[in-house]
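Worth knowing before you read on, the calculation uses all heavy atoms, side chains too, and leaves out hydrogens, waters and symmetry mates.
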Amino acid sequence: MQLHEQIQQHLVNLEPGLQAEVLDFVLFLEEKQKKRQPDQTVSKEEALQIHQQLMDQYADAFAKLAQ
């Protein structure tokens with residue numbers, strides 16, 4: 001199962017208010033990503049580090065929401 005499918009599966013089990021909080025967080029991340037300079041290049045190592053940070057943030061957010 002791919003990561004987005006796992007996230008979706010967990011999201012379905014949350015109450016609507018918590019689902020809205022997850023959506024707000026995702027929109028925040030998208031806005032943060034848009035603010036990056038378009039011509040700024042990221043090395044493979046930096047990209048993997050960013051990915052790991054985001055996955056840690058997702059895990060923390062879902063753990064908090066599941067409580």
Side-chain angles (χ1 to χ4, degrees):
M1 182 180 299
Q2 292 186 357
L3 181 59
H4 71 276
E5 293 170 326
Q6 292 176 356
I7 292 170
Q8 184 177 11
Q9 187 177 35
H10 286 280
L11 189 59
V12 168
N13 295 327
L14 296 176
E15 61 184 53
L18 293 177
Q19 290 179 3
E21 287 185 44
V22 172
L23 177 59
D24 288 342
F25 182 67
V26 170
L27 294 174
F28 164 77
L29 291 175
E30 286 179 350
E31 189 63 33
K32 185 177 175 181
Q33 181 178 344
K34 287 178 187 176
K35 290 181 181 179
R36 288 184 66 112
Q37 296 294 330
D39 61 343
Q40 186 178 14
T41 58
V42 178
S43 70
K44 183 176 180 180
E45 183 177 306
E46 290 172 319
L48 290 172
Q49 184 179 20
I50 292 168
H51 175 74
Q52 183 60 49
Q53 289 172 348
L54 289 174
M55 293 302 101
D56 291 343
Q57 289 175 354
Y58 276 129
D60 290 344
F62 280 112
K64 288 177 185 176
L65 292 173
Q67 292 178 355

Who passes side chain to side chain donor-acceptor pair (under 3.5 Å) against Glu30, sequence neighbours left out?
none

Distance in Å, Gln8 CD paired with Gln2 CD, rounded so as to fall on 0.5 Å steps
11.5 Å

pair Met55-Leu3: side-chain heavy atoms closer than 4.5 Å
yes

Have a look at Leu65 and tell me which of Val22, Leu11, Asn13 forms a side-chain contact (heavy atoms from CB on, under 4.5 Å) with it.
Val22

Measure the acute angle between the ring planes of Phe25 and Tyr58, then classify it against the limits of 30° and 60° as parallel, tilted or perpendicular.
perpendicular

Return yes when atom NE2 of His51 has more than 12 non-hydrogen atoms of other residues, nucleotides or ligands closer than 6.0 Å, and no otherwise.
no

Evaluate side chain to side chain contact (heavy atoms under 4.5 Å, CB included) for Gln57 paired with Leu29, printing each intermediate quantity in order.
CA-CA 10 Å; Gln57 289 175 354; Leu29 291 175; 4.0 Å; yes

Are Leu27 and Phe62 linked, directly or through other ILVMFWY residues, by side chains that come within less than 4.5 angstrom of each other?
no

For the hydrophobic clusters of this structure (ILVMFWY residues joined by side-chain heavy atoms under 4.5 Å, transitively), does one cluster hold both Met1 and Ile7?
no

Crowded around Gln53 CD? As in, over 12 foreign heavy atoms under 6.0 Å?
yes

Separation between CD of Gln33 and CG of Leu54, rounded to the nearest 0.5 Å
8.5 Å

Atom pair NE2/CD of His10 and Gln6 - distance to nearest 0.5 Å:
6.5 Å

